[in-house]
S.K.: 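Handing you a structure now.
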Amino acid sequence: MVEIMHSNILELFELREHAHAGGGEKRVAIQHQRGKLTARERLHLLLDEGSFEEIDILKVGRGETAGGSESTPGDGVITGHGKISGREVFVFSQDFTVIGGSLGEGHSQKSARSWTWPGRSFTDHRSQRLGRGPHPGGG
């Protein structure tokens with residue numbers, strides 16, 4: 001039982017590290033060559049140090065499984081809350097290194113949380129992923 005729990009926790013840590021890597025070193029390097037910051041770098045500069053709490057880091061798009069071969073943890077957007085000059089805000093930052101930061105169902109569900117809360121957003125994306133965009137029924 002302890003071994004199973006340990007392996008599950010280890011798997012969660014690995015999935016979180018995969019999500020923190022965004023689209024990988026190559027795509028991050030391309031982003032930097034274009035003179036752009038990554039989504040995480042933008043949030044790091046905006047928010048008070050140590051105040052960011054990420055939400056739905058492992059959320060994936062429809063038909064994907066966290067850790068699967070086609071998995072895109074976070075679905076191209078980083079969401080959470082933190083502080084700017086001591087004031088709590090909700091933030092989302094589209095991650096161009098992950099599927100071009102394009103809008104999909106999981107992506108829109110995550111970023112929609114910020115629409116009614118005080119916050120900031122950084123947009124950096126191509127477009128909506130056809131067939132994987134926001135579901136008209138909301139589910």
S.K.: What's the spacing between Phe52 CZ and Lys83 NZ if we round to 0.5 Å?
M.R.: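 Nearest 0.5 Å value for the CZ-NZ distance: 14.5 Å.
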
S.K.: So which atom in Gly22 and which in Val98 form the shortest heavy-atom distance, rounded to 0.1 Å?
M.R.: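 Nearest heavy atoms, Gly22 then Val98: C-CG2, 3.5 Å.
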
S.K.: Which residues pass the side chain to side chain contact (heavy atoms under 4.5 Å, CB included) test with Val77, not counting sequence neighbours?
M.R.: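 Partners of Val77 by the side chain to side chain contact (heavy atoms under 4.5 Å, CB included) criterion, ordered by chain and then number, come out as Thr79, Phe92, Gln94, His107, Lys110.
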
S.K.: Given 3.5 Å as the limit, does a donor-acceptor pair link the side chain of Gln31 with the main chain of Lys36, or not?
M.R.: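 No: the side chain of Gln31 does not pair with the backbone of Lys36.
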
S.K.: Do Ile55 and His81 touch side chain to side chain, with heavy atoms closer than 4.5 Å?
M.R.: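 Contact flag for Ile55/His81 side chains = yes.
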
S.K.: Do the side chains of Ile84 and Leu43 join up, straight or via other hydrophobic residues, at under 4.5 Å, putting them in one cluster?
M.R.: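 Cluster IDs for Ile84 and Leu43 match.
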
S.K.: Kindly compute the distance separating CZ (Arg42) from CG (Leu47), expressed to the nearest 0.5 Å.
M.R.: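 Between atom CZ of Arg42 and atom CG of Leu47 there are 12.0 Å.
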
S.K.: Taking atom CZ of Arg87 and atom OG of Ser51, what is their separation to the nearest 0.5 Å?
M.R.: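 The distance works out to 13.5 Å.
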
S.K.: Which atoms form the tightest heavy-atom contact between Arg27 and Thr97, and what is the distance?
M.R.: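 That closest heavy-atom pairing would be CD-O, 3.1 Å.
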
S.K.: Please name all residues satisfying side chain to side chain contact (heavy atoms under 4.5 Å, CB included) with His44, sequence neighbours left out, ordered by chain then number.
M.R.: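 His44: no side chain to side chain contact (heavy atoms under 4.5 Å, CB included) contacts found.
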
S.K.: Once you round to the nearest 0.5 Å, how far does CZ of Phe96 lie from CD1 of Ile30?
M.R.: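 Interatomic distance, Phe96 CZ to Ile30 CD1, rounded to 0.5 Å: 9.5 Å.
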
S.K.: Once rounded to the nearest 0.5 Å, what's the spacing between atom CD of Glu41 and atom CG of Asp95?
M.R.: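 Atom-to-atom, Glu41:CD and Asp95:CG are 10.0 Å apart.
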
S.K.: Check whether any side-chain heavy atom of Leu58 sits under 4.5 Å from a side-chain heavy atom of Leu12, and report yes or no.
M.R.: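 They are in contact (side-chain heavy atoms under 4.5 Å apart), so the answer is yes.
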
S.K.: If you measure from CD1 on Ile78 to OG1 on Thr38, what distance do you get to the nearest 0.5 Å?
M.R.: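 Between Ile78 CD1 and Thr38 OG1, I get 7.0 Å after rounding to 0.5 Å.
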
S.K.: For residues 52-61, which residue pairs qualify under side-chain hydrogen bond (donor to acceptor under 3.5 Å, both in side chains), counting only residues two or more places apart or in two chains?
M.R.: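 The answer is Arg40-Glu54, Asp56-Arg113, Lys59-Gln109.
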
